[in-house]
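We count residues from 1, following the sequence as given. All values below come from the heavy atoms of this structure, side chains included, with hydrogens, waters and symmetry mates left out.
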Amino acid sequence: LFLFAVVMAAILLFTMVFFTIMFSDLECDYINPIDLCNKLNQFVLPEMMAHAFITFIFLINGSWIAFIINAPLVAYNINKVQNNKHMYDATEIFRTLGQHKKECFAKLGFYLISFFYYLYRMIVALINES
């Protein structure tokens with residue numbers, strides 16, 4: 001389970017790095033807002049679903065600490081989808097760029113911490129099997 005979680009956390013981590021790079025490119029005017037939104041919007045829902053899937057797997061497996069750590073971000077993502085604020089809008093992106101960057105950095109930090117936590121739990125599980 002935690003081997004799968006390490007791989008998924010690495011993928012989510014690289015996704016957030018990609019988002020951060022794209023936001024900085026928009027800020028430096030290397031990319032226009034329409035291209036940015038078209039590129040990022042194709043990754044928004046898969047990122048949310050992958051994180052929700054990991055959290056669901058933790059729930060099914062009974063890894064309660066990992067589930068409790070991941071549940072607030074899943075709830076936040078569900079709230080964004082219900083309020084229809086999960087996709088990036090090219091006409092609004094410059095007004096909300098600061099908020100999007102803060103959210104991206106927060107998720108980047110969360111996925112980084114999660115990656116090392118899952119790696120630790122994977123190593124502990126492998127040692128306990130021996």
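- Judged as a side-chain hydrogen bond (donor to acceptor under 3.5 Å, both in side chains), and not counting sequence neighbours, K85 has no contacts.
- For N79, the side-chain hydrogen bond (donor to acceptor under 3.5 Å, both in side chains) partners are N83, not counting sequence neighbours.
- The aromatic rings of Y118 and F2 are tilted relative to each other, their planes meeting at an angle between 30° and 60°.
- Side chains of F23 and Y88 form a contact here, defined as non-hydrogen atoms less than 4.5 Å apart.
- Applying the salt bridge (Lys or Arg N to Asp or Glu O under 4.0 Å) test to residues at least two apart or on different chains, the pairs with a partner in residues 35-59 are E47-K107.
- Residue pairs meeting the salt bridge (Lys or Arg N to Asp or Glu O under 4.0 Å) criterion with at least one member in residues 116-130, sequence neighbours excluded, do not occur.
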Validation: residues 48-66 side-chain donor-acceptor distances under 3.5 Å, sequence neighbours left out:
unit_1 : atom_1 : unit_2 : atom_2 : d
H51    : NE2    : N70    : OD1    : 2.9
T55    : OG1    : H51    : O      : 2.9
W64    : NE1    : G62    : O      : 3.4

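- Evaluation of the side-chain hydrogen bond (donor to acceptor under 3.5 Å, both in side chains) rule for D89 yields T91 as partners, not counting sequence neighbours.
- Residues satisfying the side-chain contact (heavy atoms from CB on, under 4.5 Å) test with N128, not counting sequence neighbours, are V124.
- Within the structure, no pair that satisfies the salt bridge (Lys or Arg N to Asp or Glu O under 4.0 Å) test touches residues 53-68, not counting sequence neighbours.
- Evaluation of the salt bridge (Lys or Arg N to Asp or Glu O under 4.0 Å) test over residues 9-29, restricted to residues two or more places apart or in two chains, returns E27-K101.
- Applying the side-chain contact (heavy atoms from CB on, under 4.5 Å) rule to P33 yields the partners L26, A90, I93, F94; only residues at least two apart in sequence or on another chain are considered.
- Remark: I123 pairs with L119, I127 by the side-chain contact (heavy atoms from CB on, under 4.5 Å) rule, at least two apart or across chains.
- With sequence neighbours excluded, no residue forms a side-chain contact (heavy atoms from CB on, under 4.5 Å) with S24.
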